Amino acid sequence: MAEQRPISIVTCTAPVNIAVIKYWGKRDNDLILPINSSLSVTLHQDQLKTTTTAATSRDFTKDRLWLNGEEVDVGHPRLQACLQEVRRLARKRRGGSSEDGSPLNLSYKVHVATQNNFPTAAGLASSAAGYACLVSTLARLYGVEGELSEVARRGSGSACRSMLGGFVEWRRGQRPDGKDSLAQQVAPETHWPELRVLVLVVSGEKKQVASTVGMQTSVDTSPLLKHRAEVVVPERLELMMRHIRERDFEGFGQLTMKDSNQFHATCLDTFPPIFYLNDLSRHIIALVHRFNAHHGSTKVAYTFDAGPNAVIFTLADTVAEFVEVVRHSFPTATNGDQFVRGLPVGSAVLPEELLAAVVTEPVPGAVRYILHTKPGPGPQFVDDPSQHLLGADGLPR
Ligand code: DP6
């Protein structure tokens, strides 16, 4: 039996992010350059994360990739763009010289295994975490440091924002080569300790139009999107940053809802129109507005991406009450324990007037479960070798 030659192996994790000022539309499809800046909150990896292991060895005969245990084609152009960019940066870093003494030969093939700690079927945005994780892991493997959001952006636009924790702006940039289209942290995850996120994972139904395709049709046909990118977003971005800086939930929540609504309005303005919101989304929207109206202030705020799950922002002191409202609004037949996942949620007894005013037309079973989470840090390096997704032979274990 041939002797096993050493492999270099690295594991990292990366987070999901949810935009409060949405990215929708590219001015360059290949480099993934957006028509407007966007802003997001990075979610905590204790609840939602991607883990990726990358290994390289002289013995590997081709680049290979396993997604949640299944081998997939590495030929995808966006995957290739990320791989080539990291290798290019590594080469540049070594200045093309051979005397850097690095054990890692850049011509060696790479094996990558990646896995989510949440069900892919739940329809939670996984490409942002996936590409952020891939780029972080490859960069570490090849000893590349510094600005990497530009590389993650080549995998998926929103992935560049998952390269940082807390509150993150993806600056549109001006240059045709995209060198200034980068993610930048607005505030760290510790900035707003009371902020909480509830992901309402809804039943059934996969998204009909992929965001990449959908946003291209919007760019081509929607005059509202053009106005949004040129006029509305620049103003909103400034305002949103102020609300975050001042931890002003009233302002933050209202603007988050308005921007989600305008994104979906541009989808309706697209020709032929795209519908990501459905009856259940509209039901949740109405519920949130009734809840806020009952309290006389913005206590919870919704936002929806290119899929039916609702993401709710709120503050810690409102979580238990709102979760109870969701339980009443979408009663489940199954074991109630599993309905709330993630961070613990306290118990709340709903006053009669609140129930009467807010829970008007329950829809049994429509929400599968709630995931309770909060803002979190950017990609993390995993030290513990037992966490590697690839074994010493470079294959998934
Ligand atoms: C609605 O980043 O998935 O979630 O750049 O084509 O990969 P590509 O698109 P993607 O689009 C995300 C759109 C969104 C809004 C947002 O996250 O800002």
Side-chain angles (χ1 to χ4, degrees), residues 14-43 48 50 76-82 120 123-135 149-164 167-173 178 181-184 186 197 199 206-220 222 225 228-229 232-233 236-237 240 255-270 274-277 281 302-311 313:
V16 164
N17 72 80
I18 177 79
V20 292
I21 299 291
K22 304 290 186 193
Y23 146 56
W24 195 250
K26 298 180 187 69
R27 61 181 203 276
D28 184 316
N29 283 308
D30 181 36
L31 292 174
I32 311 197
L33 302 179
I35 57 171
N36 60 257
S37 299
S38 56
L39 207 159
S40 59
V41 179
T42 297
L43 303 187
L48 297 167
T50 297
H76 195 287
R78 290 177 171 203
L79 184 79
Q80 284 300 323
C82 290
T120 315
L124 299 163
S126 55
S127 72
Y131 278 109
C133 207
L134 175 76
V135 169
S149 72
E150 196 192 337
V151 186
R153 195 199 70 224
R154 299 290 304 276
S156 181
S158 54
C160 75
R161 299 184 313 234
S162 275
M163 295 300 280
L164 294 159
F167 302 82
V168 182
E169 180 190 4
W170 171 16
R171 297 200 162 178
R172 175 195 188 281
S181 189
L182 308 171
Q184 186 172 312
V186 171
V197 178
V199 184
K206 280 191 75 182
K207 74 172 154 184
Q208 316 96 322
V209 183
S211 24
T212 305
V213 178
M215 68 173 79
Q216 188 52 47
T217 316
S218 299
V219 167
D220 293 340
S222 169
L225 182 63
R228 166 178 166 75
V232 182
V233 169
R236 284 189 174 173
L237 210 78
M240 189 60 98
L255 195 51
T256 294
M257 293 187 280
K258 286 179 184 171
D259 204 70
S260 172
N261 294 343
Q262 187 174 74
F263 154 51
H264 292 282
T266 67
C267 290
L268 183 60
D269 192 44
T270 299
I274 306 165
F275 305 99
Y276 291 122
L277 299 179
S281 329
Y302 53 79
T303 183
F304 297 84
D305 281 343
N309 292 327
V311 176
F313 285 99

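Model, not experiment: these values are computed from the prediction. Whatever order the structure lists them in is the order used to number ligands and atoms, beginning at 1.
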Spacing of [X] atom [atom1] and [Y] atom [atom2] [to the nearest 0.5 Å]:
X      : Y      : atom1 : atom2 : answer
Leu164 : Ser40  : CG    : OG    : 9.0 Å
Arg153 : Ser162 : CZ    : OG    : 15.0 Å
Ile274 : Ser218 : CD1   : OG    : 4.0 Å
Asp305 : Asn17  : CG    : CG    : 8.5 Å

| query | Listed by chain and number, what are the side chain to side chain donor-acceptor pair (under 3.5 Å) partners of Ser158, not counting sequence neighbours? | reply | none
Minimum heavy-atom separation for [X] to [Y], with atom names?
X      : Y      : result
Ser38  : Arg161 : OG-NH1, 2.9 Å
Ser222 : Thr266 : OG-O, 3.9 Å
Val20  : Asp259 : O-CB, 3.4 Å
Ser181 : Trp170 : OG-NE1, 3.0 Å

Any atoms of ligand 1 less than 4.0 Å from a non-hydrogen atom of [X]? List them with their elements.
X      : result
Ala19  : 16 (C), 17 (O), 18 (O)
Phe263 : 1 (C)
Thr212 : 6 (O), 7 (O), 8 (P)
Ile32  : 5 (O)
Ser211 : 3 (O), 11 (O)

N/O separation below 3.5 Å, [X] to ligand 1:
X      : result
Arg161 : yes
Arg78  : yes
Gly157 : yes
Ser38  : no

When you look for heavy atoms under 4.0 Å from ligand 1, do you find them on the side chain of [X], its backbone, both, or neither?
X      : value
Ser158 : both
Ile18  : neither
Ser156 : both

| said: Taking only non-hydrogen atoms of Trp170, do any sit less than 4.0 angstrom from ligand 1? | reply: no
| note | Looking at Arg153, Met215, Lys26, the heavy atom closest to atom 6 (O) of ligand 1 belongs to Lys26
